[in-house]
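These notes concern the structure reproduced below.
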Number of protein chains: 2
Amino acid sequence: MFLEALSNPHRLRIIRILATGKQYVSQLARELGMSRPLLYLHLQKLEEAHIVSSDMELLDSGKAAKYYTLNSFELELNEALISTLAPSLTLKKKTKEDDSKQ
Amino acid sequence: MFLEALSNPHRLRIIRILATGKQYVSQLARELGMSRPLLYLHLQKLEEAHIVSSDMELLDSGKAAKYYTLNSFELELNEALISTLAPSLTLKKKTKEDDSKQ
DNA sequence: ATCACCTGTAATATAATTATTACATATGAA
DNA sequence: TTCATATGTAATAATTATATTACAGGTGAT
C-alpha cells in the first residue's frame, strides 16, 4: 500500500506541496489545478498509507476547512528490504472475509 | 517509473526470488505459479526500471535460456527526497513527440 | 435571499494495468 | 518424427485506477 501510494505523479506533487506546509482541500485543488473529487481520491490513498493526515480547522473567515498535513517517513529502500517485507508493502489489508475464504 | 515498478505484489515476489539467485524465465514462472506471458510483462517493467537485468545463457541441456538477475539498488525514501525528485520517480520518459507537442 | 466560499459523495466515463489464450519458432533427446 | 522444454509476442479479456460530472449540504457576509 505504501509503495502503491507513491506510484502516482499527482500524489507525489501533493506530497511536494504539503512538504511546504499544511493546506486545506479546496486550496490544494486550486494550487494543483485539479478537481476536488479527484484530489479527494488521491488524498484518501495517501491517508490510507499514513503518508498524510487530516483534521478539520476553522479558517479566519469562520468556515470549517479540512487540512492535510504531510507525515514524516523514512524508508531505506533496497533489495534486502523488499525481500523481507515484500508482501506488506503493497498488498491491501486482508479482510476477515478473505481469511475465512482461505 | 522506479516506484511504479515496485507497486505491484507480483513484482515484489519476483524481486524476492531473484534475491536468492538468478533464474531463467520458464523456471521462474513455475516457481511463481504464473503464466509466462504475464511474467514477461512484469519482468519488462522491472527491467525498464533497471531493477533487474537479463542475458541469454546456455543450459546444461544445451538449450538457450533467458536469465534474469536482480540489480542492487538503494534509495533513502523520505519526504524530502520526494519533494526534490518528485517528477522523475514515476513519470514515464517523455518522447520526442511529447516535446514537440509542448 | 443571494453570493462566495467550504465539505462530501454518488454515478458514471475513460484510461491504464493486469491477465489469459493462442500462436510461431527453436533445440536436444528418445 | 515426436516429445519436452525453451523463447517470444499478438490479440483479447478482465479488472483496477483515474478522472469527470452532477449533486446535496453547511457557514458567513452583503
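When reading the values below, keep in mind they use all heavy atoms of this one structure, side chains included, and skip hydrogens, waters and symmetry mates. The sequence lines fix the lettering, A, B, ..., with proteins before strands; numbering per chain opens at 1.
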Legend entry - Distance in angstrom units between A:Leu58 CG and C:dC5 C1', rounded: 14 Å

Inset, instruction - Compare every heavy atom of B:Ile82 with every heavy atom of A:Phe73, then report the nearest pair and how far apart it is. - result: CZ-CD1, 3.7 Å

Inset, instruction - Give me the one residue out of B:Lys22, B:Lys63, B:Lys66 that meets salt bridge (charged side-chain N to carboxylate O under 4.0 Å, His left out) with B:Glu57. - result: B:Lys22

Inset, instruction - Could you name each residue pair satisfying salt bridge (Lys or Arg N to Asp or Glu O under 4.0 Å) that touches residues 31-40 of chain A, not counting sequence neighbours? - result: none

Inset, instruction - Kindly give the heavy-atom pair with the smallest separation between A:Gln23 and A:Leu18, and that separation in Å. - result: N-CD2, 3.9 Å

Inset, instruction - Report the distance from atom CD of B:Gln23 to atom P of D:dT5, rounded to the nearest whole Å. - result: 17 Å

Legend entry - Rounded distance in Å - CE (B:Met56) to P (D:dT7): 7 Å

Inset, instruction - Considering non-hydrogen atoms only, spot the tightest contact between B:Leu77 and B:Leu3 and give its length. - result: CD2-CD2, 4.3 Å

Legend entry - Side-chain heavy atoms of B:Leu32 within contact of B:His10, under 4.5 Å: no

Legend entry - A:Glu57 CD to C:dT7 C1', straight-line distance once rounded to whole Å: 15 Å

Inset, instruction - Identify, residue by residue, the members of residues 31-47 of chain A with a heavy atom below 4.0 Å from DNA chain C, and return them in order of residue number, or none. - result: A:Arg36, A:Pro37, A:Tyr40

Inset, instruction - Answer yes or no: is there a donor N or O on one side and an acceptor on the other, between the side chain of A:Gln44 and the main chain of A:Leu41, under 3.5 Å? - result: no

Legend entry - Side-chain heavy-atom pair B:Tyr67, B:Val25 within 4.5 angstrom cut-off: no

Inset, instruction - Measure from the side-chain heavy atoms of A:Lys63 and tell me the nearest of D:dA6, D:dT27, C:dG8. - result: D:dT27

Which atoms of nucleotides 12-15 of chain C (N or O only) lie under 3.5 Å from a protein N or O atom, and what are those distances?
none

Inset, instruction - Report yes if a side-chain nitrogen or oxygen of A:Asn8 is closer than 4.0 Å to either non-bridging phosphate oxygen (OP1 or OP2) of D:dA17; otherwise report no. - result: no

Inset, instruction - Considering just the side-chain nitrogens and oxygens of A:His10, establish if one lies under 4.0 Å of OP1 or OP2 belonging to D:dA19. - result: yes

Inset, instruction - Give a yes/no on whether any side-chain N or O of A:Arg11 is located under 4.0 angstrom from OP1 or OP2 of D:dA17. - result: no

Inset, instruction - Mind calculating the distance between OH (B:Tyr24) and P (D:dA6) to the nearest angstrom? - result: 4 Å

Inset, instruction - Please confirm whether the backbone N or O of A:Lys45 pairs with a side-chain atom of A:Arg11, one donor and one acceptor, at under 3.5 Å? - result: no

